[in-house]
Amino acid sequence: MALELHLPDLPDVPIALGPVARRDLPPRQPLPWHQRLRDLLGTYLPLVLMLLLALGTWWLARNTPGADEPAPAVAERAEPDYTMQEFVVERFGKDGRLKARVQGEQLRHYTGAERIEIDRARVRAVSEDGRITLAQARRAITNGDGSELQLLGDARVTSTGPKGEPIEFRGEFLHAFLDTERVRSHLPVTVWRDGSEFHAAGMDYDHLSGMLQLQGRMRAVIQPRAAGAAAKAP
């Protein structure tokens, strides 16, 4: 048995083919400048920090001296870093014995060259065998450890020779080496030794060997008892 259904006729409905129509949206507002800056920093800040870290590491490695490189020299100051007035300085050996005593009107110490300048200097040095050497000058310059002493202006050094004979040096410049017991000068000097008198353009005296070398033009007054003294002019 068959059933038949009869539907009413429906009105024709037009169907549009193509893109679906949408309502227009309002234009997008630009972000504030501080928000844009925050977004930009959040994006590129890690990269910038890594770049700065790499540059800092390179600069540190380039400017750090190696283990074998000498430290840069300290520039000598034009002005003294300290001074002393009417001073007395004593230097002692490892055994506690007095090796030198220096005094003067004023002492000036200069950093860098480790130079000490002394006005109206007076020095008393004691050798290992107890021999005493006296030195004085209007101005003296010594190094940091006091092993060298340059005497300038009315310089005098008085001591005794290897045999105990008196010996004295005078001149406008005398260079004394206290550790090696030598006295030198490249300027005119007068030497008194065991009663004899020597005038020369320069000299070099070595106490350990007892040798006195007179340099340049020389004039001497030799006493008979000192005729055999060790003095020569090259």
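Only a predicted model underlies this, so the values are computations on that prediction, with no experimental measurement involved.
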J.: Does the pair Leu107 and Ile116 meet the rule for a side chain to side chain contact (heavy atoms under 4.5 Å, CB included), with working shown?
T.: CA-CA 7 Å; Leu107 179 148; Ile116 298 176; 3.5 Å; yes
J.: Partners of Ala220 by side chain to side chain contact (heavy atoms under 4.5 Å, CB included), sequence neighbours excluded?
T.: Phe198, Ile222
J.: Kindly write out the residues that satisfy ring-ring contact (aromatic ring centres under 6.0 Å, His included) with Phe92, not counting sequence neighbours, or none if the list is empty.
T.: none
J.: Which pairs count as salt bridge (charged side-chain N to carboxylate O under 4.0 Å, His left out) when at least one residue sits in residues 209-218, sequence neighbours excluded?
T.: none
J.: List the steps and the verdict of side chain to side chain contact (heavy atoms under 4.5 Å, CB included) for Phe169 and Leu212.
T.: CA-CA 11 Å; Phe169 309 93; Leu212 172 64; 4.2 Å; yes
J.: Mind running side chain to side chain contact (heavy atoms under 4.5 Å, CB included) on Glu90 and Leu98 for me, showing each step along the way?
T.: CA-CA 7 Å; Glu90 295 182 339; Leu98 179 66; 3.8 Å; yes
J.: Should Phe87 and Val102 be marked as a side chain to side chain contact (heavy atoms under 4.5 Å, CB included) after you check the CA-CA gap, both sets of side-chain angles, and the distance that decides it?
T.: CA-CA 8 Å; Phe87 71 95; Val102 182; 4.3 Å; yes
J.: Mind jotting down which residue pairs meet the salt bridge (charged side-chain N to carboxylate O under 4.0 Å, His left out) criterion with at least one end in residues 200-209? Sequence neighbours excluded, please.
T.: Arg182-Asp204, Arg182-Asp206, Arg184-Asp204
J.: For Ala121 and Ala140, work out which heavy atoms get closest and say how close.
T.: CB-CB, 3.5 Å
J.: Not counting sequence neighbours, which residues clear ring-ring contact (aromatic ring centres under 6.0 Å, His included) with His175? List them please.
T.: Phe177
J.: With Asp95, which residues qualify under salt bridge (charged side-chain N to carboxylate O under 4.0 Å, His left out), at least two apart?
T.: Arg97
J.: May I ask you to test the Glu168-Val191 pair for a side-chain heavy-atom distance under 4.5 Å?
T.: no
J.: Residues in side-chain hydrogen bond (donor to acceptor under 3.5 Å, both in side chains) with Thr190, at least two apart?
T.: His199
J.: Indicate the atoms forming the closest heavy-atom contact of Val89 with Met84, along with that distance.
T.: CG2-CE, 4.0 Å
J.: Rounded to the nearest 0.5 Å, how far apart are CG of Asp81 and OH of Tyr110?
T.: 9.5 Å
J.: Name all residues meeting the side chain to side chain contact (heavy atoms under 4.5 Å, CB included) criterion together with Arg139; count only those two or more places apart in sequence or in a different chain, and write none if there are none.
T.: Arg108, Glu117, Asp119, Ile141, Leu152
J.: Does this structure show an ion pair linking Arg138 with Glu105, if we count only N-O contacts that are shorter than 4.0 Å?
T.: no
J.: Quick one: list whatever passes side chain to side chain contact (heavy atoms under 4.5 Å, CB included) with His207, sequence neighbours left out.
T.: Arg131, Pro162, Glu181, Tyr205
J.: My understanding is that only residues two or more places apart in sequence, or in another chain, count here; which of them pass salt bridge (charged side-chain N to carboxylate O under 4.0 Å, His left out) with Glu148?
T.: none
J.: If I compare all heavy atoms of Gly202 with all of Val189, which pair ends up nearest, and what's the gap?
T.: C-CG1, 4.1 Å
J.: Identify, with sequence neighbours excluded, every residue that meets salt bridge (charged side-chain N to carboxylate O under 4.0 Å, His left out) alongside Arg124.
T.: none
J.: Any heavy-atom pair between the side chains of Thr133 and Val157 that's under 4.5 Å?
T.: yes
J.: Side-chain heavy atoms nearer than 4.5 Å, only ILVMFWY residues, links allowed to pass through others: does that put Val183 and Val126 together?
T.: no
J.: Are the side chains of Leu174 and Met203 in contact, using a 4.5 Å heavy-atom criterion?
T.: yes
J.: What residues form a side chain to side chain contact (heavy atoms under 4.5 Å, CB included) with Ala137, not counting sequence neighbours?
T.: Leu151, Ala155
J.: Once rounded to the nearest 0.5 Å, what's the spacing between atom CZ of Arg91 and atom CZ of Arg101?
T.: 16.0 Å
